[in-house]
Amino acid sequence: FAMIVPNGFSAVTPYIFAREADGYVRFLREAFGGEELGRSVAPGGRIANCPISIDGATLMISEASADFLPSSAAFNLYVADAETAMAKAIDAGAAEIMAVADMPYGDRQGGVRDPAGNIWWISQRLTDEPYFR
């Protein structure tokens with residue numbers, strides 16, 4: 001059988017359970033320019049599934065519950081301008097955990113913790129050299 005992956009997804013797609021998922025989806029749109037691809041709503045109005053695309057990468061968001069506890073992860077997000085992207089994320093509600101600085105591996109990078117507890121390394125690539133040599 002051939003594997004079929006829906007358009008906009010990859011074979012591995014991060015899936016985040018968040019308290020107040022609707023607010024978290026709003027944060028992803030405001031902070032990182034996320035585009036909501038659709039939304040399934042469970043009885044009672046909670047988000048059952050909401051895929052969000054950020055520059056071609058998709059995250060799945062769902063409301064946390066007793067059966068599906070809030071999850072957290074760390075993400076590396078490449079952007080054109082690390083300082084501008086960090087400021088936008090902070091304005092949207094993230095907290096800075098590392099100021100933007102040049103890294104020895106060729107990125108200009110800073111970090112934020114989002115309202116759901118996820119860490120985002122916001123990276124601006126400074127070279128077209130491979131990440132590892």
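These numbers come from a predicted model, not from an experiment. Both backbone and side-chain heavy atoms feed into the values below; hydrogens, waters and symmetry mates do not.
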Hey, can you pull the donor-acceptor pairs under 3.5 Å for the side chains in residues 70-77, sequence neighbours left out?
unit_1	atom_1	unit_2	atom_2	d
Ser71	OG	Phe17	N	2.9
Asn76	OD1	Gln109	NE2	3.2
Asn76	OD1	Ser123	OG	2.9

Should we say atom CD of Glu30 is surrounded by more than 12 heavy atoms from elsewhere, each under 6.0 Å from it?
yes
[Y] side chain reached by [X] side chain, heavy atoms, under 4.5 Å:
X     : Y      : answer
Cys50 : Met60  : no
Tyr78 : Asp107 : yes
Ser53 : Leu37  : yes
Ile16 : Tyr24  : yes
Glu35 : Ile54  : no

Expected output: side-chain [X] to main-chain [Y] donor-acceptor under 3.5 Å:
X      : Y     : value
Ser62  : Ala48 : yes
Gln124 : Val79 : no
Thr84  : Asp81 : no

Could you list all the ring pair (Phe, Tyr, Trp, His ring centres under 6.0 Å) pairs where at least one residue sits in residues 32-58, not counting sequence neighbours?
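Every ring pair (Phe, Tyr, Trp, His ring centres under 6.0 Å) pair that includes a residue of residues 32-58, provided the two are not neighbours, is Phe27-Phe32, Phe32-Trp120.
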Heavy-atom pair of closest approach, residues Gly106 and Arg125
C-NH1, 3.4 Å
